[in-house]
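We count residues from 1, following the sequence as given.
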Amino acid sequence: MEPMEIAILGAGGFIGSHLVEHLAASDAHHVTAVDISSRKLAGIPRTNFTFLHADVRTDRTVTDAVIHDADLVVDLVAYANPSRYVTAPLEVFELNFLQNLEIAKSCITHGKRLVQYSSAEVYGKAVDGTTYSEDRSDLIFGPVQKQRWIYGSAKALLERVLYAHGMAGDLEYTIFRPFNFLGSRIDYLVPAHATGGPRVFPHFLSALLTGGPIRLVDGGHVRRAFLHIDDGNAAFQAILDDPDQSRNQIFNVGNPANNTTVREFAHLMIDVYEELTGRTATSRIVEISGEAFYGKGYEDGDRLPPDISKLQCLGWSPEHDLRTTIRDAMRGYLRDVEDGYEPPQLAGLQERGGAP
């Protein structure tokens, strides 16, 4: 494969920073990493990647120039924070659909291939079946007043528009649907006893580090299939290495073997925390309603494990079990704490970059 110029928009978030790190470890391509923050990119050798501070919402000329100069565009720009879905739904729609649509339009104008990171949220609530299939499963969302679904709806609408452009012949794309990627730098920590905020792992880890309560929203009975971030990077590499088979296709990126309830996930996190620290966890597991934790308009649904057979046809399969996935993610945070660096707190950082 010829060396490429790869533009990653939203490169400063969790998935983006790991993807930049993955690509920077090889001399095969050059990466232009675009975001409003480079904090999570600190420490990555900049031998074959360049960071550009820009906001896709306001720096349209800059973003368009980056896309013009790229061979491949990777779009990771998103709000991926359940609290925002119910407290700022219009902001979520504006960024996750309208701004992403502008990126797609720029790719069309300049004839660039687009890798769009979407979300498992597009499937909405679980329906009858054993797995989610990219090309067969229905997308089922809750009622309009449950604003939690605006994130998944925006992602699903964007997918439909990209598909329509592909059918019209003016856009080459690949859509990734990540299923609960997990690793270091996934999110900021939160103060003890805080509600709302980031995803489940940093909430539970914050509780373990402070001795605060581990809150299970609506009992923690919903299921999720967690994927090691390194497996996510390997999936990206698989589509990068096989552009013909991945062109204008949608791929689930997850690990069905790691499907578990959030309650089971909490107990496993406690076990891994005690293993890594040698200390007995003092946090109590308590239950809280979704509305009390996230606010009015929150609703959740069970999630089926992903069918990953399409991506396996490209030679990819996940390699990390759930315990290893949790352990590796937790080690990163514990290492920061031991080194005297505190991962950003809820009050100190509201990320706009990153992915689902």
Could you check whether any side-chain heavy atom of [X] comes within less than 4.5 Å of a side-chain heavy atom of [Y], counting everything from C-beta outward?
| X | Y | answer |
| --- | --- | --- |
| Glu172 | Leu114 | no |
| Thr61 | Asp64 | no |
| Asp59 | Val34 | no |
| Asn255 | Phe179 | no |
| Thr261 | His221 | no |

Would you sort out whether Phe14 and Lys40 count as a side-chain contact (heavy atoms from CB on, under 4.5 Å), showing the intermediate values?
CA-CA 7 Å; Phe14 162 53; Lys40 292 185 178 183; 4.2 Å; yes
Tell me, please, which residues at least two apart from [X] pass side-chain contact (heavy atoms from CB on, under 4.5 Å).
| X | result |
| --- | --- |
| Ala281 | Leu208, Ile270, Tyr273, Glu274 |
| Arg160 | Leu139 |
| Val286 | Pro213, Arg215, Arg284 |

Over all heavy atoms of both residues, which pair between [X] and [Y] is shortest? Give the atoms and the distance, please.
| X | Y | result |
| --- | --- | --- |
| Asn96 | Ala78 | OD1-CA, 3.3 Å |
| Val86 | Gln147 | O-NE2, 3.3 Å |
| Tyr298 | Gly290 | CD2-CA, 3.7 Å |
| Val77 | Asn100 | O-ND2, 3.3 Å |
| Ile175 | Ser118 | CG2-CB, 3.8 Å |
| Asp35 | Gly10 | OD2-C, 3.1 Å |

Are more than 12 heavy atoms, taken from residues, nucleotides or ligands other than His68, located less than 6.0 Å from that residue's NE2 atom?
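Not buried by this count: 12 neighbours or fewer within 6.0 Å.
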Would you call [X]-[Y] a salt bridge at under 4.0 Å N-O?
| X | Y | value |
| --- | --- | --- |
| Glu275 | Arg323 | yes |
| Lys146 | Glu291 | no |
| Arg199 | Asp187 | yes |
| Lys310 | Asp135 | yes |

Only pairs at least two apart or in different chains count here, so list each side chain to side chain donor-acceptor pair (under 3.5 Å) that has a residue in residues 19-30.
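Every pair satisfying side chain to side chain donor-acceptor pair (under 3.5 Å) with a residue in residues 19-30: Glu5-His30, Glu21-Arg185, His22-Gln237, His30-Thr50.
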Let me see the working for Thr325 and Asn258 under side-chain contact (heavy atoms from CB on, under 4.5 Å), right down to the final yes or no.
CA-CA 9 Å; Thr325 301; Asn258 287 350; 3.9 Å; yes
Parallel, tilted or perpendicular for Phe176 and Tyr117, by the 30°/60° rule?
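Answer is tilted, since the angle falls between 30° and 60°.
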What is the ring orientation for Phe93 with Phe97, classed by angle as parallel under 30°, tilted 30 to 60°, or perpendicular over 60°?
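Phe93 and Phe97: parallel rings.
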Non-neighbouring partners of Arg148 that pass salt bridge (charged side-chain N to carboxylate O under 4.0 Å, His left out), sequence neighbours left out
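Partners of Arg148 by the salt bridge (charged side-chain N to carboxylate O under 4.0 Å, His left out) criterion, ordered by chain and then number, come out as Glu121, Asp300.
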Going by the rule salt bridge (charged side-chain N to carboxylate O under 4.0 Å, His left out), which residues pair with Lys112 if we only count those two or more places apart in sequence or in a different chain?
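Not a single residue meets the salt bridge (charged side-chain N to carboxylate O under 4.0 Å, His left out) criterion with Lys112.
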Is there a salt bridge (charged side-chain N to carboxylate O under 4.0 Å, His left out) between Arg57 and Glu94 once you walk through the steps?
CA-CA 9 Å; Arg57 298 165 301 178; Glu94 170 76 20; over 6 Å; no
Starting from the C-alpha separation in whole Å, work towards a yes-or-no answer on side-chain contact (heavy atoms from CB on, under 4.5 Å) for Phe236 and Leu19.
CA-CA 8 Å; Phe236 175 86; Leu19 185 57; 3.5 Å; yes
Taking it one step at a time, do Phe226 and Phe265 satisfy ring-ring contact (aromatic ring centres under 6.0 Å, His included)?
CA-CA 10 Å; Phe226 294 90; Phe265 184 79; 4.2 Å; yes
Straight-line distance of Phe51 CZ to Ile8 CD1, nearest 0.5 Å
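The CD1 atom of Ile8 is 12.0 Å from CZ of Phe51, to the nearest 0.5 Å.
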Given Val161 and Leu101, is the side-chain contact (heavy atoms from CB on, under 4.5 Å) satisfied, shown in steps?
CA-CA 8 Å; Val161 174; Leu101 183 59; 3.6 Å; yes
